Amino acid sequence: MEDFEEAKDKIVLGIERRGVVMDEEDRRIIAYHEVGHAIMAKMLPGADPVHKITIIPRGRSMGVTQQLPIDEHHVYSMEYLMNRIKILFGGRAAEEIVFGRQTTAVRDDLAKATAIATMMICQYGMSNKIGPISYQHESSSFLTGVERPLFLSEEMAALADKEINRLLKECYEATKAIIIKERALLNKVAEILLVQETLDGEEFDIIYECNRKLSGDDAALPDKCSVCNITWCEKKLAKLGLDNADNQLDPNNFESSSEATAHSSPNGR
């Protein structure tokens, strides 16, 4: 199975570029950026589950958070599309909350989020102010490579632009609120990712469940984690670089040392 997974990653994500040298600050930013995506995917209802998080450069990306749907989608609801935008914004929100600044790692995320919002407003009629109207799109040109909606009037174009901006801002504010609430989980997963460089969906779920148990957010949790029993969980966390059995489940061991402040992080900051 590992060979199949590696072959799939080469096709979908690109070849690993382990020769790329990143300083520790860049690695930390990429790690928190990718975990921001993963946390949003975990917290939003109906989102596709996280399959893999990695900060190993692949192709043109310096890090990747990969989601795989449980079932094949043919129709997408407005809520699903809005959640997709929020997941894309998870990386930028994590950067701002943890480091207090913005980086170029968000370039592809912003392009995809804007494209989804534009289709929602201009093609799928998902705006109460504009109504159930779909505007024909001008074909992308050889030079621009960008499709633009054709509006009947300048007023309607301005209204659509306002609605797109409103939708994006609302999604971003909602994303920031979730990341702030889950800051402890963000720190834990990011610090483990910095050690391991790659986490699969099962490992991410284990860390999430243990964080819930430790934080007391879910009083209904039994003595055993819902993903695994606690003994196995300790062994799994030990493999993730937490070798001291007495401290493996201490929340303080997961806190970020930076107290100052298939989504990919493109090359460069």
Side-chain angles (χ1 to χ4, degrees), residues 1-10 12-43 49-59 61-68 87 90-91 94-95 98-99 105 179 182-214 225 227-258 262-265:
M1 284 298 295
E2 291 183 4
D3 292 337
F4 282 108
E5 183 73 14
E6 179 62 25
K8 177 181 68 66
D9 286 347
K10 285 183 179 180
V12 177
L13 305 178
I15 299 175
E16 285 188 3
R17 296 186 295 140
R18 290 189 175 272
V20 175
V21 178
M22 286 194 292
D23 62 33
E24 190 58 30
E25 182 184 11
D26 286 351
R27 289 185 74 250
R28 186 168 294 275
I29 290 173
I30 296 298
Y32 276 85
H33 180 103
E34 296 304 332
V35 175
H37 290 310
I39 288 178
M40 293 305 297
K42 186 69 176 178
M43 297 302 168
V50 173
H51 176 68
K52 178 180 292 185
I53 318 168
T54 182
I55 55 173
I56 298 174
R58 280 185 173 274
S61 300
M62 304 305 290
V64 175
T65 299
Q66 187 181 25
Q67 294 173 260
L68 290 181
I87 293 169
E95 290 178 20
V98 176
F99 303 102
I179 294 295
E182 301 297 334
R183 174 65 185 272
L185 177 61
L186 174 69
N187 290 342
K188 293 176 185 180
V189 181
E191 293 304 318
I192 292 174
L193 183 62
L194 282 166
V195 175
Q196 290 301 113
E197 294 191 320
T198 298
L199 294 173
D200 61 30
E202 181 189 19
E203 292 166 337
F204 176 60
D205 285 342
I206 289 170
I207 300 169
Y208 168 75
E209 293 293 345
C210 288
N211 179 73
R212 289 173 62 200
K213 187 176 181 66
L214 290 168
C225 287
V227 174
C228 61
N229 66 64
I230 196 66
T231 302
W232 190 90
C233 191
E234 289 175 350
K235 293 179 180 178
K236 192 73 172 181
L237 288 174
K239 291 181 180 179
L240 296 180
L242 304 174
D243 296 321
N244 187 346
D246 294 333
N247 295 325
Q248 282 165 8
L249 298 180
D250 182 355
N252 295 324
N253 290 337
F254 293 94
E255 294 300 327
S256 169
S257 59
S258 177
H263 315 286
S264 61
S265 303

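Because the structure is predicted, anything quoted here is derived from the model rather than measured.
Distance check: T54 OG1 to L199 CG gives 8.5 Å after rounding to the nearest 0.5 Å. In this structure, the separation between CZ on R27 and CD1 on I56 is 9.5 Å, given to the nearest 0.5 Å. Rounded to the nearest 0.5 Å, atoms CD1 (I53) and NE2 (H37) are 10.5 Å apart.
The shortest heavy-atom contact between A41 and Q67 is CB-NE2, 3.5 Å. Minimum interatomic distance between E34 and V64 (heavy atoms only, all atoms of both residues): OE1-C, 3.3 Å. Pairing each heavy atom of A105 with each of E95, the nearest pair is CB-OE2, 3.6 Å. Nearest heavy atom pair, residue I87 against residue M40, reads CA-CB, 3.8 Å. Closest approach of G36 and A94 over heavy atoms only: CA-CB, 4.0 Å. Shown here for I39 and F204, the closest heavy-atom pair between the two residues is N-CZ, 4.2 Å.
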What verdict does the salt bridge (Lys or Arg N to Asp or Glu O under 4.0 Å) test give for R28 and E25, after you've listed the backbone C-alpha separation in whole Å, the side-chain angles of each residue and the deciding distance to 0.1 Å? CA-CA 5 Å; R28 186 168 294 275; E25 182 184 11; over 6 Å; no
Full working for side-chain contact (heavy atoms from CB on, under 4.5 Å) between E191 and Y32: CA-CA 8 Å; E191 293 304 318; Y32 276 85; 2.9 Å; yes
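Y208 and E203 are not linked by any side-chain donor-acceptor pair at a separation below 3.5 angstrom, with hydrogens and angles left out of the test.
Just one of V189, V35, I55, I30 meets the side-chain contact (heavy atoms from CB on, under 4.5 Å) condition when paired with L194; it is I55.
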